[in-house]
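So the structure is just underneath, and the comments pick up after that.
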Amino acid sequence: MKETTDPAAPAGTPGVRVAVYRRIEELEPLAAAWDRLVFADTGRLPMSSHAWVASYLAERHPAARRWMCLAAFAGHRLEGVWPIEVEEIRILGRRLPMLRQPWDSHMQSVEAVVRPGRERAVLTALRAALDDAAPAWFGLNFDHLEEGAPLAGEAARALTRTTLLCEGSNYASVVKCTGDWDEYMAGLGRNFRKHLRKEHRRLAEIGEVRTEFLAGPQADPELLRRFARIEAAGWKGKRGTAISSRENLTAFYRALCRRLAERGALEWHFLRAGGHDLAGHFAIRTGKALVIQKIGYDEAFAAYSPGVVLMERALERAFADAATAEVNLVTDRAWHDAWHPEKRPYIQVRMYPRRVRSLVAGAWPHRVRLALRRVRPLRRAVGWWRSRRTGPGAD
């Protein structure tokens with residue numbers, strides 16, 4: 001661990017000390033404060049928590065890739081955390097560090113987490129620490145960040161010696177749960193509501209229909225096995241992408257569920273009928289949001305739409321819970337639209353230090369690409385060209 005202090009903390013704010021960690025065991029003393037910063041103080045997506053990052057580093061992170069974690073303190077209080085991967089790339093004849101978020105298909109949306117109201121002081125200190133922690137770093141690429149993420153906000157734009165470029169990437173489907181349940185249901189499509197009523201009747205023919213919502217002490221991390229069996233009975237099992245399909249993936253989710261349960265953030269939802277598990281949710285509580293991270297259903301019962309029925313009951317429960325303001329489905333899928341969600345954009349952030357190589361080979365070309373994307377005729381031409389390239393007979 002290496003410590004630096006922030007020489008440019010804004011006037012009128014306490015000094016900020018930054019420590020740089022490079023070993024998993026060094027992160028453990030930060031675990032409780034880090035997770036509190038995510039799940040209680042900011043309500044950010046759970047992928048930025050210690051629970052998620054430490055589980056990934058221990059079980060999924062490729063040994064060949066370097067990483068570091070910057071942590072900002074005011075006195076002994078943790079003010080911000082920034083996990084970063086370091087990749088060497090060749091730019092203008094020289095190998096330079098390219099900084100990225102920890103990332104794989106089970107590790108999206110990792111970002112810097114900062115105590116609300118402390119964004120300017122903390123980001124200034126973290127940015128200053130980058131030059132010591134990764135000398136001559138070329139640029140930084142963080143994708144899939146939530147709206148309001150510190151790295152995409154005004155405090156990041158105000159950083160000195162830095163060029164910041166932000167653009168939209170994709171969306172998350174988010175159902176707001178602050179109104180009346182009956183009014184919400186009445187606003188859904190008539191055919192969809194008719195379909196739901198039909199599936200309720202058909203499910204009752206299988207046997208007793210029961211929904212289990214397990215949270216707090218009831219959310220045993222060992223219930224991962226139960227959820228994994230349901231998931232493996234669906235299309236993910238056939239494609240080999242289910243949790244149980246790979247040993248390191250199973251180990252990652254075991255470690256993650258154990259850590260989430262310790263924080264009281266883990267939830268399991270199950271739909272049962274006739275003594276069978278038909279569908280399940282792996283969910284996480286963060287702030288006033290319920291994040292439904294993974295959904296599974298047994299394809300032997302696909303004709304009964306068990307996933308749709310379980311989602312209906314999970315949303316009804318959320319509307320009845322004053323502590324839940326929204327249900328976040330994390331991704332944007334066509335089937336989400338039946339629930340009339342808000343489409344919340346994710347942001348892609350590119351940060352470059354104001355050095356010649358970073359500006360000439362990074363910031364300036366990227367700024368030009370962003371400007372060209374705003375030219376509608378050019379966008380149409382690019383789309384036409386790509387369609388020709390990927391059409392019949394293309395390589």
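Values below: every heavy atom of this structure, side chains too, minus hydrogens, waters and symmetry copies. Throughout, numbering of the chain's residues begins at 1 and tracks the sequence.
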Whichever hydrophobic residues join Tyr184 through chains of side-chain contacts under 4.5 Å: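 Same cluster as Tyr184: Val175, Trp181, Met185, Leu188, Phe192, Leu196, Leu290, Ile292, Ile295, Val308, Met311, Leu315, Phe319, Val327, Leu329, Trp335, Trp339.
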
Joining Ile, Leu, Val, Met, Phe, Trp and Tyr whenever any side-chain heavy atoms lie under 4.5 Å apart, the cluster holding Trp103 also takes in none

Greater than 12 external heavy atoms within 6.0 Å of Lys176's NZ: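 Enclosed.
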
Using a cut-off of 6.0 Å, state whether more than 12 heavy atoms not belonging to Glu25 lie near its atom CD.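 More than 12 within 6.0 Å, yes.
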
Electrostatic pair [X]:[Y] at N-O distance under 4.0 angstrom:
X	Y	result
Arg197	Glu199	no
Asp277	Arg229	no
Arg22	Glu26	no

Restricting to side chain to side chain contact (heavy atoms under 4.5 Å, CB included), what partner residues turn up for Arg190, sequence neighbours left out?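 Listed in chain order: Arg193.
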
Can you list everything that forms a side chain to side chain contact (heavy atoms under 4.5 Å, CB included) with Ala251? Sequence neighbours excluded, please. Glu59

If only side-chain N and O atoms count, and only distance matters, is there a donor-acceptor pair under 3.5 Å linking [Y] with [X]?
X	Y	answer
His61	Glu85	yes
Tyr253	His106	yes
Thr162	Arg354	no
Ser173	Arg333	no
Asp220	Trp268	no

Report yes or no: do [X] and [Y] belong to one cluster of Ile/Leu/Val/Met/Phe/Trp/Tyr joined by side chain heavy-atom distances under 4.5 Å?
X	Y	answer
Val113	Val330	yes
Leu140	Leu96	no
Val38	Ile24	yes

Go through the structure and list residues passing salt bridge (Lys or Arg N to Asp or Glu O under 4.0 Å) with Arg66, not counting sequence neighbours. Glu88

Residue set satisfying salt bridge (Lys or Arg N to Asp or Glu O under 4.0 Å) with Arg369, at least two apart, ordered chain then number -> none

Is it the case that the side chain of [X] and the backbone of [Y] share a donor-acceptor pair, with hydrogens and angles ignored and the cut-off at 3.5 Å?
X	Y	value
Ser49	Trp52	yes
Glu299	Trp235	yes
Asp35	Ala51	yes

If the condition is ring pair (Phe, Tyr, Trp, His ring centres under 6.0 Å), which residues does His336 pass it with, not counting sequence neighbours?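 For His336 there are no ring pair (Phe, Tyr, Trp, His ring centres under 6.0 Å) partners, ignoring immediate neighbours.
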
Partners passing ring pair (Phe, Tyr, Trp, His ring centres under 6.0 Å) against His50 (at least two apart in sequence or in another chain): Trp34

Side chains of Val349 and Glu167, heavy atoms from C-beta outward: is any pair under 4.5 Å?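 The answer is no; the side chains never approach within 4.5 Å.
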
Pairs where residues 295-317 contributes a residue and the test ring pair (Phe, Tyr, Trp, His ring centres under 6.0 Å) is met, not counting sequence neighbours: His276-Phe301

Quick one: salt bridge (Lys or Arg N to Asp or Glu O under 4.0 Å) pairs with a partner in residues 339-353, sequence neighbours left out?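 Qualifying pairs: Glu326-Arg344, Asp332-Lys343, Asp337-Lys343, Glu342-Arg344.
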
Salt bridge (Lys or Arg N to Asp or Glu O under 4.0 Å) partners of residues 91-105, not counting sequence neighbours, each pair once: Arg60-Asp104, Glu87-Arg100

Given Thr211, which partner from the list Arg313, Arg317, Arg272 fulfils the side-chain hydrogen bond (donor to acceptor under 3.5 Å, both in side chains) test? Arg313

Please report the C-alpha distance between Met68 and Leu70 in whole Å, then the side-chain angles of each, then the deciding distance to 0.1 Å, and finally whether the side-chain contact (heavy atoms from CB on, under 4.5 Å) criterion is met. CA-CA 7 Å; Met68 60 184 177; Leu70 279 60; 4.0 Å; yes

Set out, in order, the CA-CA distance, both residues' side-chain angles and the distance that settles salt bridge (charged side-chain N to carboxylate O under 4.0 Å, His left out) for Glu212 and Arg226, then state yes or no. CA-CA 13 Å; Glu212 298 177 25; Arg226 182 177 170 187; 3.1 Å; yes

Plane angle bin for Phe138 and Tyr352 - parallel if under 30°, tilted between 30 and 60°, otherwise perpendicular: perpendicular

Taking only distance into account, with no hydrogens and no angle test, what donor-acceptor pairs under 3.5 Å do side-chain atoms of residues 144-154 form with protein atoms, sequence neighbours excluded?
unit_1	atom_1	unit_2	atom_2	d
His144	ND1	Asn170	OD1	3.2
His144	NE2	Gln108	OE1	3.2
Glu146	OE1	Leu45	N	3.1

Apply the side-chain contact (heavy atoms from CB on, under 4.5 Å) test between Met351 and each candidate in Asn141, Leu164, Leu99, Thr163; give the one that qualifies. Leu164

